[in-house]
Amino acid sequence: NRSYFYPSFNGSLVLTEAFDIKSAVLDYAKIRGGWSKVGKDTSPYRLTNTYSFSAPFGASPQLSPSGTDFDPNLKSETTTSSELGAEAVLFNKRLRFDVSLYNTNSYNQILNVDVSPSTGFRSKNINAGKINNKGIEVQLGITPVKKQFTWDIDVNYAANRSKVVELDQEGLLQNYVIATNSAQVIATVGQPYGTLFGNAFLRDGNGNIVVNATGAPQTDPTKRVLGKYTPDWIGGISNTFSYKGFSLGVL
């Protein structure tokens, strides 16, 4: 439990070279794949329960226990990831694309969970949780004008879907609070990581917001999932205009 092994394997095959492809359309094509395993440890002094010295009580030293029960058999967090991708260049480098698919699993995550104060502690450090992330990343490049004046367009797009598969192996822990403000940020089984949980407006059977006599919206006393703080997708478009050694980029 004092170390972690993090191997990785990556490979690629340039199809146009391997199969000696000569084409007026396809300039270059490659496929690639990879797998990796990485680890993450915890902070120091979180494996053994100790007492801390505080102000003396008369002539006797006063010691107080930590509020957290530490586990000497704590394991490191582990994340495994696999990826498959392809890239190609076509039409005399006027069209370029690169696409990647990935799948990542994180498990044995180190969580600080609440326990009954009757145990003598307020919380306990445990290995728990399995979170899955899968997604796609795409890059597309187009050169509509390629003369003395050149215009390049590059588009990128990425989407990730996360899911909390489990929080403990026994299935007893269903929710874990990450942060609390006006709404809670939680990890809950079956939902995306970073789910927002809190109170919404109270609505009638037709979906209309219920207001009081002064016209103020009413709050639904039952908390619910409001969304998540991670975006559904991110992307961007960049343009590059080149002419006689001058270049202008617009993102």
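Residues: numbered from 1 along the sequence shown. Atoms considered below: every heavy atom in the structure, side chains included; atoms not considered: hydrogens, waters and symmetry mates.
- Of the possible donor and acceptor atoms, one in the side chain of Asp27 sits under 3.5 Å from a partner among the backbone N and O of Lys93.
- A donor-acceptor pair shorter than 3.5 Å cannot be found between the side chains of Ser82 and Asn103.
- Open room surrounds CH2 on Trp151; 12 or fewer heavy atoms of other groups in view lie less than 6.0 Å from it.
- For the residue pair Thr143 and Arg96, a side-chain donor N or O sits within less than 3.5 Å of a side-chain acceptor on the partner.
- Side-chain atoms of Thr219 do not come within 3.5 Å of backbone N or O of Pro221 as any donor-acceptor pair.
- Atom OG1 of Thr42 is separated from atom CG of Leu47 by 7.0 Å, given to the nearest 0.5 angstrom.
- Of the possible polar contacts, one joining the Glu77 side chain to the Ile110 backbone as a donor-acceptor pair under 3.5 Å is found.
- Side chains of Asn108 and Asn127: no donor on one and acceptor on the other come within 3.5 Å.
- Neither side chain, Asn133 nor Arg161, offers a donor N or O lying under 3.5 Å from an acceptor on the other.
- Side-chain contacts under 4.5 Å among hydrophobic residues (ILVMFWY), followed directly or transitively, place Tyr51 together with Phe53, Leu63.
- Of the possible donor and acceptor atoms, none in the side chain of Ser100 sits under 3.5 Å from a partner among the backbone N and O of Glu137.
- Atoms CG and OG, on Asp114 and Ser123 in that order, are 6.5 Å from each other to the nearest 0.5 Å.
- Neither Leu226 nor Phe201 shares a network with the other; the hydrophobic side chains, linked directly or stepwise wherever heavy atoms of I, L, V, M, F, W or Y lie under 4.5 Å apart, form separate groups for each.
- With sequence neighbours excluded, the residues forming a salt bridge (charged side-chain N to carboxylate O under 4.0 Å, His left out) with Lys22 are Asp20, listed by chain and number.
- In the hydrophobic clustering of ILVMFWY residues, with side-chain heavy atoms under 4.5 Å counting as a link, Val177 and Ile131 come out apart.
- As a member of the Ile/Leu/Val/Met/Phe/Trp/Tyr network built from side-chain separations under 4.5 Å, Val115 groups with Phe121.
- Judged purely by atom type and a 3.5 angstrom limit, Lys146 uses its side chain to pair as donor or acceptor with the backbone of Asn92.
- Distance CG/Asp69 to CG/Asn49: 4.5 Å, rounded to 0.5 Å.
- Each of Leu111 and Tyr107 belongs to its own hydrophobic cluster when Ile, Leu, Val, Met, Phe, Trp and Tyr are linked at side-chain heavy-atom distances under 4.5 angstrom.
- In the hydrophobic clustering of ILVMFWY residues, with side-chain heavy atoms under 4.5 Å counting as a link, Tyr28 and Leu90 come out apart.
- Every salt bridge (charged side-chain N to carboxylate O under 4.0 Å, His left out) that Arg32 has, sequence neighbours left out, goes to Glu87, Asp98.
- Side-chain polar atoms of Ser118 and Ser116 form a donor-acceptor pair below 3.5 angstrom.
- Atom CZ of Phe241 has more than 12 neighbouring heavy atoms from other residues, nucleotides or ligands inside a 6.0 Å radius.
- Note that CG of Asp152 and CD1 of Ile142 are 10.5 Å apart. Values are rounded to the nearest 0.5 Å.
- Around atom NZ of Lys228, more than 12 heavy atoms belonging to other residues, nucleotides or ligands sit under 6.0 Å away.
- Between the side chain of Asp220 and the backbone N or O of Thr222 there is at least one donor-acceptor pair closer than 3.5 Å.
- Using modelled atom types, one finds no donor on one side chain facing an acceptor on the other under 3.5 Å when comparing Ser242 with Thr150.
- Clustering ILVMFWY residues whenever any of their side-chain heavy atoms sit less than 4.5 angstrom apart, transitively, puts Val38 in a cluster other than the one holding Leu74.
- Side-chain N or O atoms of Asn181 include none that pairs as donor or acceptor with a backbone N or O of Ala183 at under 3.5 Å.
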Can I get a per-line list of side-chain donor-acceptor pairs under 3.5 Å for residues 186-197, giving both atom names and the distance, sequence neighbours left out?
residue: Thr188; atom: OG1; partner: Gln174; partner atom: O; Å: 3.3
residue: Thr188; atom: OG1; partner: Asn175; partner atom: OD1; Å: 2.5
residue: Thr195; atom: OG1; partner: Pro192; partner atom: O; Å: 2.6

- side-chain hydrogen bond (donor to acceptor under 3.5 Å, both in side chains) evaluation trace for Thr104 with Ser81: CA-CA 4 Å; Thr104 301; Ser81 181; 3.1 Å; yes
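- Surrounding NZ of Lys134 are at most 12 heavy atoms belonging to other residues, nucleotides or ligands under 6.0 Å away.
- Under a 4.5 Å side-chain heavy-atom criterion applied to ILVMFWY residues, the cluster that includes Tyr102 comprises that residue alone.
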